[in-house]
2 protein chains.
Amino acid sequence: MITRKPSLTDQVMAYLKERIVGGDFEEGRIPPEMELAMDLGVSRTTIRDAFSRLEHEGIIIRRQGSGTFVNEHGLQIKSRLEDIWSYDEVLRDHGYTPSVQVLDTRTEPAGEKLAADLGIEPGEPVLVMEKLFLENDQPVIHTYNRVAERLMGHPDDAAAGSLPIYEFLERHCGRHLSYYVSEILPVALGAHVAAMLHLEAGTPALSFDEVGYDEDNQPVVGATSVFRDDLLRFRLIRRKAGA
Amino acid sequence: MITRKPSLTDQVMAYLKERIVGGDFEEGRIPPEMELAMDLGVSRTTIRDAFSRLEHEGIIIRRQGSGTFVNEHGLQIKSRLEDIWSYDEVLRDHGYTPSVQVLDTRTEPAGEKLAADLGIEPGEPVLVMEKLFLENDQPVIHTYNRVAERLMGHPDDAAAGSLPIYEFLERHCGRHLSYYVSEILPVALGAHVAAMLHLEAGTPALSFDEVGYDEDNQPVVGATSVFRDDLLRFRLIRRKAGA
DNA sequence: CAGTGGTCTAGACCACTTT
DNA sequence: AAGTGGTCTAGACCACTGA
């Protein structure tokens, strides 16, 4: 793996986060930017960079002329929708100790929509990986990941499905997953997925329908995920655009 | 209203957005930061601020050593979940010409959960406003907004319900809505809301369950919204946290 | 009026990509 | 080697808050 040293801003962020969750700041008041800059031996700009990001995450609130404060409400958010990356991590953030189960790995011809999403020809072979994330034998998340076979260097590997998808893409396709464009949809569970999640068919559920892109902005994976909303809820902070 | 002049960064953002959607840049390549800085007569830092925000919105991609590029995929997102503010605006962004219909305005005692959310006593009177957003007589969004009566300066105003909620809070409560903490839930439509949206009871739908806070971080409104997913879809960009 | 965050500048140096 | 974005600094001035 690449060993990149954390930037000063990252270190300041980590330092502040630790002090914030540790409750170090009296009445939620965070020291002035200049004071922190002097104490930590960095410039005020670096402190402000860290503050900007913490504010965007909803962890702090800045008030001109007044000060910078801990935001208790934002602090309680466990899974911020915009920076979900690995479901394993999401579940651990919720206090679970998740396990993963590979349900199926098969090859199918791409349908119209998938082909368009992945930038391939309809009918082209696609590797479909079906997985289940569980907490204590209790299923929580069901996912399909679909990768065009033409991207894969090696022939289909038996252990492939058990890797996290970003690692699979890295190792077997030489692609580095950069971001997803996700559509959030309500669905009535179909018989198969319902059975896998131990729910009744027709139960309403949240679904992500998304395309993952690599660093060159090329589509590499089509994914569909379904969640048990009684076990996993997503929160986010909404603001006025540009504010 | 407050008349604040747009910052240089804001102006640069607007300028770049216009050129980007206008297709001004050959092959999606955006000029080097230094060049833009010279051309626009601002510092490179200002350009970089604007770039950072555009990148976060998914409109551009920056590649160290290579350049800055338009992101066609991010450009297609109409409603970014994180910066939805007014539903009226969301619908207009989708190319609709929306209208709003006030269904009901009534006073109710607060339940346990709502009281906790709004920081008031259970049983305290709460003004409930029920609205419908339509496109061409076709209902798209159904909302409830709940505001504690103790926040309201004037007695219940007949025209109150027709204002956008942030304007209502501004005028009638003297509170400036700053952000929402939203929970995204799948629901099976109840009879009433289903009827309002011209759907069958039990249809799965997306719902926002949220609390709005003012600038002093005090809860001011509890809201529940339900959407017709065939007419309105939400997208967002997901990234690895901290990236 | 003192202290805070908000904006902006000019410039240095580094890491990476491309030629 | 040249050109690009990434990080960081030091300092100026502004806008706003609160005593």
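These values consider heavy atoms only, across backbone and side chains, with no hydrogens, waters or symmetry-generated copies. Per chain, numbering begins at 1; letters A, B, ... match sequence-line order.
An OP1 or OP2 oxygen of D:dC8 is reached within less than 4.0 angstrom by a side-chain nitrogen or oxygen of A:Thr9. In terms of phosphate contacts, B:Ser43 brings a side-chain nitrogen or oxygen within less than 4.0 Å of OP1 or OP2 of C:dT9.
For the pair B:Met34 CE and D:dT4 P, the computed distance is 11 Å after rounding to whole Å. The distance between atom CD1 of B:Ile60 and atom C1' of D:dT4, rounded to the nearest whole Å, is 14 Å. In this structure, the NE2 atom of A:His176 is 12 Å from the P atom of C:dT17, given to the nearest Å. If you take CG of A:Asp49 and C1' of D:dC8, they are 9 Å apart, rounded to a whole angstrom. Between B:Ile47 atom CD1 and D:dT4 atom P there is a gap of 14 Å when expressed in whole angstrom units. To the nearest angstrom, C1' of C:dG6 lies 12 Å from CG of B:Asp10. In this structure, CD of B:Glu33 is placed 17 Å from P of C:dA15, rounded to the nearest angstrom. Spacing between atom CE of B:Met38 and atom P of C:dA10 amounts to 10 Å, rounded to whole angstrom units.
In this structure a side-chain-to-backbone donor-acceptor pair under 3.5 Å is missing from B:Arg146 to B:Ala110.
Of the listed nucleotides (D:dT9, D:dG6, C:dT9), D:dG6 has the atom at the smallest distance from the side chain of B:Arg62. Comparing C:dT9, D:dG6, C:dG6 by their nearest atom to the side chain of B:Gln64 picks out D:dG6. Closest to the side chain of B:Thr45, from the set C:dC8, D:dT7, C:dT9, is C:dT9.
The two residues A:Glu149 and A:Leu127 have their closest heavy-atom pair at CG-N, 4.0 Å. Between A:Ser225 and A:Glu210 the shortest heavy-atom distance is OG-OE2, 4.3 Å.
Two rings, from A:Tyr180 and A:Tyr166, have their centers 6.0 Å or more apart. If you look at A:Phe208 and A:Phe234, their ring centroids are closer than 6.0 Å.
Position along DNA chain D of the nearest nucleotide to A:Ser66 versus A:Arg44 favours A:Arg44 as the more 5'-ward residue. Closest-nucleotide positions on DNA chain C for A:Arg48 and A:Gly65 were compared, and the one nearer the 5' end corresponds to A:Gly65.
Using a cut-off of 4.0 Å between Lys/Arg side-chain N and Asp/Glu carboxylate O, B:Lys17 and B:Asp10 are scored as not salt-bridged.
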Pairs counted as Watson-Crick or G-U wobble with both distances under 3.5 Å: what dot-bracket string results for DNA chain C, using | for bases tied to another strand? ||||||||||||||||||.

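Between A:Tyr179 and A:Tyr213, the angle of the ring planes stays under 30°, which puts this pair in the parallel group of the 30/60° scheme.
Residue contacts for A:Thr46: at a heavy-atom cut-off of 4.0 Å it reaches the sugar-phosphate backbone alone, with no base atom in range.
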